[in-house]
Engineer: 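Handing you this structure, nothing more for now.
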Protein chains: 2
Amino acid sequence: MNKAEILIIDDEPQIRKLLQINLESNDYKVIQASSGKEGLILSASHPPDLILLDIGLPDKSGHEILHELREWYNKPIIILSVQDNETDIVSALDHGATDYLTKPFRTGELLARIRSAIGRSQNTENSPIVSCGDIEVDLVARTVKRKNEAIKLTSTEYNLLALFAKNEGKVLTHQYLLKEIWGYSYQTETQYLRVFVGTLRKKIEENPNNPQHIITESGVGYRFQ
Amino acid sequence: MNKAEILIIDDEPQIRKLLQINLESNDYKVIQASSGKEGLILSASHPPDLILLDIGLPDKSGHEILHELREWYNKPIIILSVQDNETDIVSALDHGATDYLTKPFRTGELLARIRSAIGRSQNTENSPIVSCGDIEVDLVARTVKRKNEAIKLTSTEYNLLALFAKNEGKVLTHQYLLKEIWGYSYQTETQYLRVFVGTLRKKIEENPNNPQHIITESGVGYRFQ
DNA sequence: GGACATCTTTACGAAATCTTTATATCGCAA
DNA sequence: TTGCGATATAAAGATTTCGTAAAGATGTCC
């Protein structure tokens, strides 16, 4: 797992230092900008996972920076401010700030709010796909593709294939397969397996009479490759 | 346009009243619970779009309620508390609270944080319009078009379709769909789904007998494509 | 209070899936 | 080659799950 990168945009060196120490000791990678302009450039050249933005910058107002960032940046932006001013807070939040903390802030709270924001922003979009040759199993979407074409499987067929895919290359015994898919009390029903392996082969193998993916290990079980 | 629903869980009637007035005048629908237990029941029987949870409840601690809610509820939960205690804040945020405000809070700020939280949870990613073939779902306006013609859907039909549209290509289980649309305590009412999928198909499919968008995955759920 | 839209529930035929049985095939050793 | 155990295939039941219509219940708006 890569470290999450956090960009600090703040003109006060002491604050930056303080944040840097705290963040780095919590396993974040820290990038710093001392002005709004620099912050915009840095974030554009290498978008961080989260931005800590001081609202009171000398060159441009933090609100402007926030506005410009939000034209393209959609990960969390947490505002830090000496202003405990409701108008400011409301404006910042309504312009896309993820959170707003007033200085002096408690570092524990800041860290928790950072964790919360990053956790939320991690889009679960791209799902883990187990692929094996021309077969792709999407374990989240619960779909199967062969040569990029969707294949329709019944629930049990899918469960079986997913189990194979998760154990690519390993020999899975009859007992084990039956126990996992049908349950503990079905461990002797090897005929079920023969039937379902048969239908699976028809659906995913180029030539079902000469299977390349689901290999029979006679007397033991099956192996997926 | 449907009002967003907010559930208030707080034992102090004055606070509930204050929140109710403020929220309703900002066009939210308000539901109230005076205890944690009641809050859990209400949210399970009809999931609100956001929960305001007082951490200092008499029956169960707010932390417990938060924990129980988060086992299934994944929309925003904003904590309200008289405690300005860092340990409390960190714990709440780390256990899934979306935000944490200390009483007395400023109503303008609370409203802004509510807007922010609901906006974010709507998962409108980049474009507020999800399109899929000839179907277009506008998640902001809550409208649906087919071949550029507006389609009239009831609230529940829309909620279901929007949920499908946000998860294009993924198989959504009966359980999940029921939990999201009707609430945690409806997870076994699969007949609801059959009825509503039926009416949806009549409205959005070219040929409802041969659906191209809402595909049934027998024994598991449905998939939108 | 009544008309209307919407949601919930029930009933039943249709479709999909699973289970079982029967028969065919394969690999291997005597 | 023949016989045996293990495997594969096909197809007929059996069962579960789905889809649809329609009646009843509920809520909402004037």
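Just so it is clear: chains get the letters A, B, ... in the order the sequence lines come, proteins before strands, and each one is counted from 1.
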Engineer: Could you tell me how far apart B/N209 (CG) and D/dA21 (P) are, to the nearest whole angstrom?
Structural biologist: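 For the pair B/N209 CG and D/dA21 P, the rounded distance is 9 Å.
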Engineer: Without decimals, in angstroms, what is the distance between B/E5 CD and D/dG27 P?
Structural biologist: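 After rounding, the gap between these two atoms is 14 Å.
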Engineer: D/dA8, OP1 or OP2 - any side-chain N/O from A/R201 closer than 4.0 Å?
Structural biologist: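 Yes.
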Engineer: In whole angstrom, what separates B/N210's CG from D/dT20's P?
Structural biologist: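 In whole Å, D/dT20 P and B/N210 CG are 11 Å from each other.
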Engineer: Give a yes or no on this: more than 12 heavy atoms of other residues, nucleotides or ligands lie within 6.0 Å of atom OH of B/Y184.
Structural biologist: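 Open: at most 12 neighbouring heavy atoms sit under 6.0 Å from OH of B/Y184.
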Engineer: In this structure, how many angstroms lie between the C1' atom of D/dG19 and the CG atom of B/N207, rounded?
Structural biologist: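 Whole-Å distance recorded here is 14 Å.
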Engineer: Please determine if a side-chain N or O atom of B/H174 lies less than 4.0 Å away from the OP1 or OP2 oxygen of D/dC18.
Structural biologist: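 Yes, within the criterion.
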Engineer: Rounded to the nearest 0.5 Å, what separation is found between the CD1 atom of A/I65 and the CD1 atom of A/I79?
Structural biologist: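 Between A/I65 CD1 and A/I79 CD1, I get 10.0 Å after rounding to 0.5 Å.
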Engineer: Starting at the 5' end of nucleotides 11-30 of chain C, put B wherever the base has a protein heavy atom under 4.0 Å, S where only the sugar-phosphate does, and a dash everywhere else.
Structural biologist: B----SSSSBBB--------
Engineer: Suppose the criterion is salt bridge (Lys or Arg N to Asp or Glu O under 4.0 Å): which pairs have a residue in residues 202-217 of chain A, not counting sequence neighbours?
Structural biologist: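 Counting only pairs at least two positions apart or across chains, the salt bridge (Lys or Arg N to Asp or Glu O under 4.0 Å) contacts touching residues 202-217 of chain A are A/R146-A/E206, A/K147-A/E206, A/E157-A/K203, A/E217-A/R223.
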Engineer: Would you say A/K202 reaches D/dA10's phosphate, i.e. side-chain N/O to OP1/OP2 under 4.0 Å?
Structural biologist: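 Indeed, a polar side-chain atom of A/K202 lies that close.
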Engineer: So which heavy atom on A/Q187 is nearest to which on A/L178, and how close?
Structural biologist: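 The answer is O-CD1, 3.4 Å.
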Engineer: With a cut-off of less than 4.0 Å, is there a side-chain N or O of B/R194 near OP1 or OP2 of D/dG19?
Structural biologist: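 It does not, given that no N or O in the side chain of B/R194 lies less than 4.0 Å from OP1 or OP2 of D/dG19.
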Engineer: What is the distance from CG of B/N159 to C1' of C/dT6, rounded to the nearest Å?
Structural biologist: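 Going from CG in B/N159 over to C1' in C/dT6 covers 13 Å.
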Engineer: Can you pull out every salt bridge (Lys or Arg N to Asp or Glu O under 4.0 Å) where at least one residue sits in residues 103-115 of chain B? Sequence neighbours excluded, please.
Structural biologist: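 Every salt bridge (Lys or Arg N to Asp or Glu O under 4.0 Å) pair that includes a residue of residues 103-115 of chain B, provided the two are not neighbours, is A/D84-B/R106, A/D94-B/R115, A/D99-B/R113, B/D10-B/K103, B/E12-B/K103, B/D54-B/K103, B/D99-B/R113, B/R106-B/E109, B/E109-B/R113.
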Engineer: Between CD1 of A/I204 and CD1 of A/I151, what distance do you get to the nearest 0.5 Å?
Structural biologist: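 So the CD1 of A/I204 and the CD1 of A/I151 are separated by 7.0 Å.
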